2 protein chains.
Amino acid sequence: MDPLSDATTGLLPRLLQLRTLLNRGQLYEQAAQDAGVALDRPAMTILVILDAADHPLRVGEIATRMQVVGPHVTRHLNSLQKRALIIRVPDPEDQRARLIALTPSGQQMVDRYTSTVNGWFTAALAQWPDHDRTELMRLLTRLTSDLTTQFDALAAGGTPTDED
Amino acid sequence: MDPLSDATTGLLPRLLQLRTLLNRGQLYEQAAQDAGVALDRPAMTILVILDAADHPLRVGEIATRMQVVGPHVTRHLNSLQKRALIIRVPDPEDQRARLIALTPSGQQMVDRYTSTVNGWFTAALAQWPDHDRTELMRLLTRLTSDLTTQFDALAAGGTPTDED
DNA sequence: TATTGTTATACTCTATAACTATA
DNA sequence: TATAGTTATAGAGTATAACAATA
C-alpha cells in the first residue's frame, strides 16, 4: 500500500463527520433561532447563495450551486416571493429566463443569519493560530475544487456504455 | 470589524459548498455502483461507522455518531440484518442493550466501498504536496472537534429559560 | 422510575414526469 | 427542435409519539 493511500485513508470518516455536523438541523435551527428568522433550511440556503453571488442569479444557476434540480428551487422561490424576500425579474438577455434578486428585507434577513453563523465560527476558531485559519481556508477551497473536478470526471466517464 | 471575523467570514460558504458536494447522491451512488453494492446511503453509513469503530456498537451509539434519532437506526438495522450484513448480540453488561456487529459479508461490503472512495480521494489529492495533505487532516480534525464543542455549548445554553 | 430499543406514523427535502413559453 | 422555468406527483430520509423490556 503506497503512502498516498495512507495519507487519504482518514479523509472519508472525517468528511462524513463534518457532513453530519453541518447537515443535521442543529446548526441551522440554532442559527435561525438566534438570528430571529423563521425560514426552512433550503430557503435560507437560497438566500445565502444570492448574497454570496452579489448579483441576481437565474433559477438554473441557483439549482446548480445547490446541486439540486430546478423544480426544487422553484418551489422555495414561490414561498420566498410570497414573503417578499426575493423578486423575480425577467432576464433582459433571454425572455424565457428570470433573474432572482434579494429584496431589501431578504438582504436584511440573510445578513442577520450569516453574521450569527460567522460569529460562531469566529468563536470556535478563536484559539487557532492565524496561520492555521489561513491554511484551513486555502486547503478547504482546493479540496472542494479538486473533489468537484474528480466527481464530475467520474460521473462523465462512469457509464461508458451509455455515451453516445 | 476585527481581523478574526475577516478570517472566518469565508468559512460558511466553503462549508456549505462542501456539504452540498458530499450530500447529493452523486458521490455515494457512484461509489456504490463502482463497488458493486446495492444499499441505501444511511445503511452504508452505518456500516462505515461500525467499520471505523473497530468493535461492536450499541444502537444508541450509532445514532449519536450519525446525529440521528434511535428509530431511524433501528429501521436500517432491520434491513441490514435481513441481508445478513450485521448481527445483533445482547450486551453482556446490560440486557436491555444490543451490540451491533458487522458480519463477514458486511465487512467485505464496507471494505469494497471504502476502498473505492479512498481511491478517489487519493486520486483527487494526488497532486497535492505531502505537507498539504497532512495539514488538511490535522485542520479538518480540529475544525470538526471545535465546531462540535461550539454547537454543543450553544444547544445547551441556547434556551436558558428552559433549564431546570 | 429511568433507560434501551422497537414499532407506527408524519413531516421535510429532493427527484421525476408532464407542461408552458420563448429561443 | 431545444431550453428556462413551472406545476404536480412520488420517493428517500428523518423525526415524534407510543410502547415493551430491563435496570
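The shown structure was predicted, so the numbers you read here are calculated from the model rather than taken from an experiment. Per chain, numbering begins at 1; letters A, B, ... match sequence-line order.
- Between the CZ atom of A:Arg41 and the C1' atom of C:dC11 there is a distance of 13 Å, given to the nearest Å.
- Remark: B:Asp40 pairs with no residue by the salt bridge (Lys or Arg N to Asp or Glu O under 4.0 Å) rule, at least two apart or across chains.
- With hydrophobic clusters built from ILVMFWY side chains whose heavy atoms lie under 4.5 angstrom apart, A:Leu16 shares a cluster with A:Leu147.
- Checking B:Gln107 against B:Asp111 by side-chain atom types alone, a donor-acceptor pair falls below 3.5 Å.
- If you check residues 59-80 of chain A against DNA chain D, the residues with a heavy atom closer than 4.0 Å are A:Val59, A:Gly60, A:Pro71, A:Thr74, A:Asn78, listed by number.
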- Message: Could you go through B:Thr45 and A:Arg19, starting from their C-alpha distance and side-chain angles, then the distance that decides it, and tell me whether this counts as side-chain contact (heavy atoms from CB on, under 4.5 Å)?
- Response: CA-CA 12 Å; B:Thr45 303; A:Arg19 173 172 76 95; 4.0 Å; yes

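- A:Ile86 and A:Leu99 are assigned to two separate hydrophobic clusters, defined by single-linkage of ILVMFWY side chains at heavy-atom distances under 4.5 Å.
- Using a 4.5 Å heavy-atom cutoff, the side chains of B:Leu125 and A:Arg142 are not in contact.
- At least one side-chain heavy atom of B:Leu11 sits under 4.5 Å from a side-chain heavy atom of A:Met137.
- For the segment residues 47-57 of chain A, the set of residues with a heavy atom within less than 4.0 Å of an atom of DNA chain D is empty.
- No side-chain heavy atom of B:Thr20 sits less than 4.5 Å from a side-chain heavy atom of A:Val68.
- Sorted by first and then second residue, the pairs that involve residues 60-77 of chain A and meet salt bridge (Lys or Arg N to Asp or Glu O under 4.0 Å), not counting sequence neighbours, are A:Glu61-A:Arg65.
- The cluster map of Ile, Leu, Val, Met, Phe, Trp and Tyr, joined by side-chain heavy atoms under 4.5 Å apart, puts A:Val110 and A:Val37 in the same cluster.
- Of all nucleotides in DNA chain D having an atom under 4.0 Å from a heavy atom of chain A, the first and last in 5' to 3' order are D:dA2 to D:dT14.
- A heavy-atom distance below 4.0 Å to DNA chain D is reached by these residues of residues 81-99 of chain A, ordered by number: A:Arg88, A:Arg96, A:Ala97, A:Arg98.
- Taking 4.5 Å as the limit, some side-chain heavy atom of A:Ser105 sits within range of a side-chain heavy atom of A:Leu85.
- The hydrophobic cluster containing B:Leu15 also contains B:Leu12, counting ILVMFWY residues as joined when their side-chain heavy atoms lie under 4.5 angstrom apart, directly or transitively.
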